[in-house]
Amino acid sequence: MEYRIEQRMDLSQKLGILADAAKYDVACTSSGVDRNNDGKGTGNCISPGICHSFSADGRCISLLKILFTNECIFDCRYCINRRSNDVPRASFTPGEVCDLTMGFYRRNYIEGLFLSSGIMESPNHTMELLYQTLYRLRNEYHFQGYIHVKAIPGADPVLIERTGYLADRMSVNLELPTAEGLKALAPQKQRQKLIAPIRQVRQIRIQNRQELTLYRHAPKFVPAGQSTQMIIGATGENDWQIMKVAEHMYKKYELKRVFYSAFLRVNEDSLLPVLPGGPPLLREHRLYQADWLLRYYGFETDELLSEEKPDFNLLLDPKCDWALRHLDRFPVEVTQADYHTLLRVPGIGYRSAGRIVKARRLGTIDYGNLKKMGVVLKRAVYFITCGGKQMYPVKLTEDYILRNILDGKEKLPPGVKKEPVYEQLTLFDDPRFSV
């Protein structure tokens, strides 16, 4: 028989435990939705949204990120909050979460709430508590700011639907990229149960869009969409398998984001890999870069990787690696190439590609103009001509380009260093790495 000693905690002690426990969940992002205050409530929701990141005008935007509880009925081998771990446990009440959110908001500490949870007693019980929290925030406290909440797999679909009409964004963690990995490290969880709420949210969002075309004032269901998270490096999947899963989630379920979390060994377990070099942060970085190519640059996974080449080149970003393997498509004449062709040029992003297309309608452009438009010439110069001329003589050969690009020391994301070690990325780093 298992005995537990209950210890009374004040709100600050609970906040310390449950805010710290939430740091392993990276599936949060900016809201992507606008909602103005109607004059009767508190707060508003401003695109591009809420998290510790920077908006287009340079503002640092933030949210209160907590677990409702770190109690859990599951015993996932990779999770710090698993049932068998001897860690301090705490749980909020719906009223406590509301008081914290409103208190932090009124002090201008936050602009919204990210609320996740362990599974306490049962999925239904936990989802009911999350629903009560959001209901009180919206209807009793009249909070109109951004709310991102986790849908609990296995919970009653009615509860998930009711909660979705109160939240801006919902997410369900896939945990691991494949069913085989889930079976090995989290055998109490089933892939189909994790997918079920993702499928439900997509279906209701489609219905809701149709309702809004007929009834402008119909309530919005998860207006900022849904996201998910996968742990990378805990199981043996290669990059091609991981990106195929992400691509499937984007195409079939219309996800806004897939997050990749480098495996951090927080438990001693014989089935967990030992990583002498620490979390695979550079691999995580490459996955984020490739994810950006899928969502904004028109690439598909099978263009970047294959069963014969299943992993990304750690020395080069995925777009540059693709370009070096397809030199027959270069150089691209920037004064004539269409938008989608420009997107495939290393050093040209989707914003700079749009500026090029717009600027050349108004007059001629040169390399000086390209630099002002945001083109990274030290990378693009090997792959473009402007007015039929190269910026300076370069060889269109793989060895020459590779040698010069590597000498340029590619910029890595915050927290990742080439020497001597890598550092764990914080949850508040901006995942929008350059490509």
Side-chain angles (χ1 to χ4, degrees), residues 1-28 65-93 96-97 114-127 129-130 149-155 171-177 180-191 193-194 228-236 259-276 278-281 284 423-427:
M1 181 179 294
E2 183 178 325
Y3 293 94
R4 300 186 56 193
I5 300 175
E6 298 290 341
Q7 181 180 0
R8 295 186 63 84
M9 296 182 183
D10 60 32
L11 195 55
S12 63
Q13 290 174 310
K14 289 183 180 182
L15 180 60
I17 292 172
L18 295 172
D20 183 70
K23 68 185 179 183
Y24 298 103
D25 198 327
V26 301
C28 61
K65 183 177 183 181
I66 53 175
L67 295 185
F68 188 89
T69 179
N70 65 344
E71 300 274 359
C72 197
I73 61 175
F74 294 125
D75 204 29
C76 305
R77 293 177 180 273
Y78 49 81
C79 182
I80 188 67
N81 298 315
R82 66 182 184 178
R83 185 185 63 212
S84 59
N85 271 4
D86 184 15
V87 296
R89 306 284 182 175
S91 300
F92 286 123
T93 65
E96 288 173 334
V97 176
F114 175 90
L115 184 61
S116 185
S117 184
I119 312 300
M120 182 167 57
E121 294 187 19
S122 70
N124 271 347
H125 177 71
T126 306
M127 196 70 226
L129 290 171
L130 296 179
V149 68
K150 283 301 177 82
I152 306 299
S171 57
V172 179
N173 288 350
L174 286 178
E175 308 287 352
L176 297 163
E180 293 75 16
L182 196 67
K183 185 176 180 181
L185 299 186
Q188 295 169 300
K189 295 182 177 179
Q190 299 175 4
R191 186 74 165 189
K193 284 191 175 181
L194 297 180
T228 192
Q229 171 183 341
M230 294 187 285
I231 300 171
I232 304 305
T235 45
F259 289 83
Y260 311 92
S261 178
F263 170 67
L264 182 65
R265 188 183 173 99
V266 295
N267 297 322
E268 291 300 321
D269 194 295
S270 60
L271 291 183
L272 295 176
V274 177
L275 303 174
L281 301 180
E284 178 191 85
E423 297 176 356
Q424 175 67 59
L425 291 173
T426 75
L427 295 176

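Side chains included, hydrogens not; waters and symmetry mates left out as well; all remaining heavy atoms used.
Taken to the nearest 0.5 Å, the NZ atom of Lys14 stands 7.0 Å off from the OG atom of Ser91. The CG atom of Leu182 sits 5.5 Å away from atom CG of Leu194, with the distance rounded to the nearest 0.5 Å. Taking OG1 of Thr126 as the start and NZ of Lys150 as the end, the distance is 13.5 Å to the nearest 0.5 Å. Summarising the geometry, atom CD1 belonging to Ile17 is positioned 11.0 Å from atom CG belonging to Leu67; distances are rounded to the nearest 0.5 Å. Rounded to the nearest 0.5 Å, atoms CG (Leu15) and CG (Asp20) are 10.5 Å apart. We find the CD1-CD1 distance between Ile119 and Ile73 to be 6.5 Å, quoted to the nearest 0.5 Å.
Residues satisfying the side-chain hydrogen bond (donor to acceptor under 3.5 Å, both in side chains) test with Asn267, not counting sequence neighbours, are Asn85. Among residues two or more places apart in sequence or in another chain, the side-chain hydrogen bond (donor to acceptor under 3.5 Å, both in side chains) test is passed with Ser12 by Asp10. For Leu185, the side chain to side chain contact (heavy atoms under 4.5 Å, CB included) partners are Arg77, Tyr78, Leu176, Ala234, Thr235, Leu271, Leu272, not counting sequence neighbours.
Between Gln13 and Met9, the closest heavy-atom pair is OE1-CA, 3.3 Å. When all heavy atoms of Pro153 and Pro123 are compared, the pair lying nearest together is O-CB, 3.5 Å. Ala155 and Met127 make their closest contact through CB-CB, 3.6 Å (heavy atoms, listed as atom of the first residue, atom of the second, distance). Shown here for Arg89 and Cys72, the closest heavy-atom pair between the two residues is NH1-N, 4.4 Å. Considering all non-hydrogen atoms of both residues, Asn70 and Ala90 come closest at OD1-N, 2.8 Å. Between Ser117 and Thr69 the shortest heavy-atom distance is OG-CG2, 3.3 Å.
Looking only at distances, a side-chain donor or acceptor of Thr228 sits under 3.5 Å from a matching main-chain atom of Val172. The closest donor-acceptor contact from the side chain of Asn173 to the backbone of Ile231 lies at 3.5 Å or more, if one exists at all.
With contacts defined as side-chain heavy-atom distances shorter than 4.5 Å, the pair Cys76/Lys189 qualifies. Between Asp75 and Gln188 there is a side-chain heavy-atom pair separated by less than 4.5 Å.
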